[in-house]
Amino acid sequence: MKKELLIRRSILAWFRKNKRDLPWRKTGDPYAVWLSEIMLQQTRVETVIPYYNRFLKAYPTVHHLAGANEDHVLKLWEGLGYYRRALNLHQTAKIVAKDYEGVFPGTVDELQALPGIGRYTAGAIASIAFGVRAPVLDGNVKRVLSRLYAVKERIDRSDVLKRLWQIAGELVSPRSPGNFNQGIMELGARICLPQNPLCGGCPVKQCCEAFLHHCPQNFPVQKAKKTLPHYEVVAAAIYKRGRFLLGKRPPGGMLGGLWEFPGGKVEAGETHEQALKREIMEEMGIGIEIGEHVLTVDHGYSHYTVSIHLYRCSHIDGRPRALYHSEIKWTPKSQFNRYSFPAANIKFFEHL
DNA sequence: GAATCGTGGAT
DNA sequence: TATCCAAGATT
């Protein structure tokens with residue numbers, strides 16, 4: 001039997017017996033499949049499950065989501081990370097509700113034209129929800145294929161990616177594309193692990209060049225990762241008459257749409273006090289007096305790490321304006337739970 | 001093509 | 001403790 005056909009059948013058979021009972025596998029609703037795929041981007045299955053369930057309960061259909069308030073959507077996304085996904089999700093819901101009358105398109109090209117849906121996600125939705133024979137190539141599939149075919153070149157090379165998409169397209173089952181795609185991803189997530197793969201339980205080990213050469217750990221070949229820069233950041237808990245001055249971060253950038261205590265990076269040669277007064281003047285046009293240091297939180301973002309030093313502050317002069325944020329608001333602590341905050345800010349709450 | 005964009009669990 | 005990295009998309 002041809003290698004590709006053997007791989008296809010073996011993975012389908014393995015998946016049929018070993019697939020996890022995940023909430024998005026109980027439905028064929030394209031809306032639910034789409035939601036799960038967006039949430040699963042760069043995010044672990046176990047992390048997504050509770051978010052997915054809460055989200056679907058709050059917005060059972062694309063129409064509910066299309067009519068939702070953005071702060072509410074971001075609140076349901078709070079803690080999931082990559083918040084632009086939530087904003088794109090909201091945008092796509094509006095487009096589907098309006099331009100498609102609430103019915104998701106079923107082709108890869110139409111799906112990929114929607115905000116937040118790239119080649120992987122379009123293939124996943126088309127194959128899983130619509131039975132289209134479209135391949136997927138995520139981190140799992142890249143790893144599985146790079147081992148099956150002993151790909152010795154770096155997998156971030158465009159020519160290598162092109163070849164992997166080509167292979168994935170040949171492997172995907174014409175009759176059960178959704179099951180095959182989920183199967184090869186599940187194989188990568190549970191058997192063909194990045195470190196110490198469980199080759200003994202692998203249904204395709206006899207087809208796997210890396211296994212046959214006893215070197216699965218050599219694949220995939222990744223590019224070297226650079227160490228993340230670290231910054232010192234100051235933030236202000238500006239308090240007046242029972243309320244804190246919060247800002248909503250502008251869309252498009254880091255943590256876009258989330259609320260925060262204002263502040264910013266400490267520049268070279270600055271004291272914390274100097275940096276905080278400068279930042280608050282730049283961002284809100286007001287003068288402040290710096291009070292006690294509340295606490296310092298160490299936090300890692302996607303491409304840098306920070307130590308955020310929070311200070312209690314009082315408003316001295318000027319009327320606050322949203323010079324940086326899209327919106328600012330004096331907010332009592334009792335209402336913080338209505339807004340979505342970055343994880344690092346949430347660590348502040350119990351100390352205020 | 002290389003940067004940007006979060007978070008928390010595993011090792 | 002430090003590092004890795006997970007069902008990627010966008011610019």
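Naming: A, B, ... by sequence-line order, numbering from 1 per chain.
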dA10(B) versus dA7(C) - spacing of their P atoms, nearest Å: 14 Å
Between dT11(C) and dG6(B) - P atom distance, rounded Å: 14 Å
Nearest-nucleotide 5' precedence on DNA chain B, Y82(A) against S158(A): S158(A)
5'-most by nearest nucleotide on DNA chain B - Q195(A) or R154(A):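 On the 5' side of the pair lies R154(A).
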Just how far, in rounded Å, is [atom2] of [N] from [atom1] of [X]?
X: L22(A); N: dA7(C); atom1: CG; atom2: C1'; answer: 11 Å
X: Y231(A); N: dC5(B); atom1: OH; atom2: P; answer: 11 Å
X: R84(A); N: dT7(B); atom1: CZ; atom2: C1'; answer: 17 Å
X: M39(A); N: dG6(B); atom1: CE; atom2: P; answer: 15 Å
X: K142(A); N: dG8(C); atom1: NZ; atom2: P; answer: 8 Å
X: N140(A); N: dC4(C); atom1: CG; atom2: P; answer: 19 Å
X: Y304(A); N: dA2(C); atom1: OH; atom2: C1'; answer: 20 Å
X: Q41(A); N: dG6(B); atom1: CD; atom2: P; answer: 13 Å

Remember a base hit wins even if backbone is also touched, and classify [X] as base, sugar-phosphate or nothing at under 4.0 Å, heavy atoms.
X: R143(A); answer: sugar-phosphate
X: T227(A); answer: nothing
X: A124(A); answer: nothing
X: R190(A); answer: nothing
X: W24(A); answer: base
X: I184(A); answer: nothing
X: L80(A); answer: base
X: G256(A); answer: nothing
X: T121(A); answer: sugar-phosphate

Nearest-nucleotide 5' precedence on DNA chain C, V45(A) against P115(A): V45(A)
R44(A) or L114(A), whichever maps to the more 5' nucleotide of DNA chain C: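 Closer to the 5' end of DNA chain C: R44(A).
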Under 4.0 angstrom between K225(A) side-chain N/O and dC5(C) OP1 or OP2: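 Indeed, a polar side-chain atom of K225(A) lies that close.
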Any Y83(A) side-chain N or O less than 4.0 Å from OP1/OP2 of dT7(B):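 True: Y83(A) side-chain N/O within range (under 4.0 Å) of dT7(B) OP1/OP2.
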Mutual orientation of the aromatic rings belonging to H214(A) and F211(A) [parallel < 30°, tilted 30-60°, perpendicular > 60°]: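 If you compare the ring of H214(A) with that of F211(A), the planes turn out tilted.
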Parallel, tilted or perpendicular, as decided by the 30° and 60° cut-offs, for the rings of F261(A) and F349(A):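 Rings of F349(A) and F261(A): perpendicular, over 60°.
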Interatomic spacing from CZ in F104(A) to OH in Y31(A) - rounded to 0.5 Å: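 These two atoms lie 8.0 Å from each other.
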Within 6.0 angstrom of R25(A) CZ, more than 12 heavy atoms from elsewhere: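 Result for CZ/R25(A): enclosed.
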Electrostatic pair E4(A)-R9(A), nearest N-O below 4.0 angstrom: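 Salt bridge: no.
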Counting side-chain heavy atoms from C-beta on, which of [options] comes nearest to [X]?
X: E186(A); options: dA7(C), dT4(B), dG6(B); answer: dA7(C)
X: M185(A); options: dA6(C), dA7(C), dT7(B); answer: dA7(C)
X: D138(A); options: dG8(C), dG6(B), dC5(C); answer: dG8(C)
X: Y120(A); options: dG8(C), dC5(B), dG6(B); answer: dG8(C)

Distance-only polar pair, side chains of Q166(A) and E170(A), donor-acceptor under 3.5 Å: yes
Geometric cation-pi criterion K329(A) and Y339(A), 6.0 Å radius, 45° cone: no
Any N/O donor-acceptor pair, T47(A) side-chain to dG9(B) base, under 3.5 Å: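 Result: no qualifying N/O pair found.
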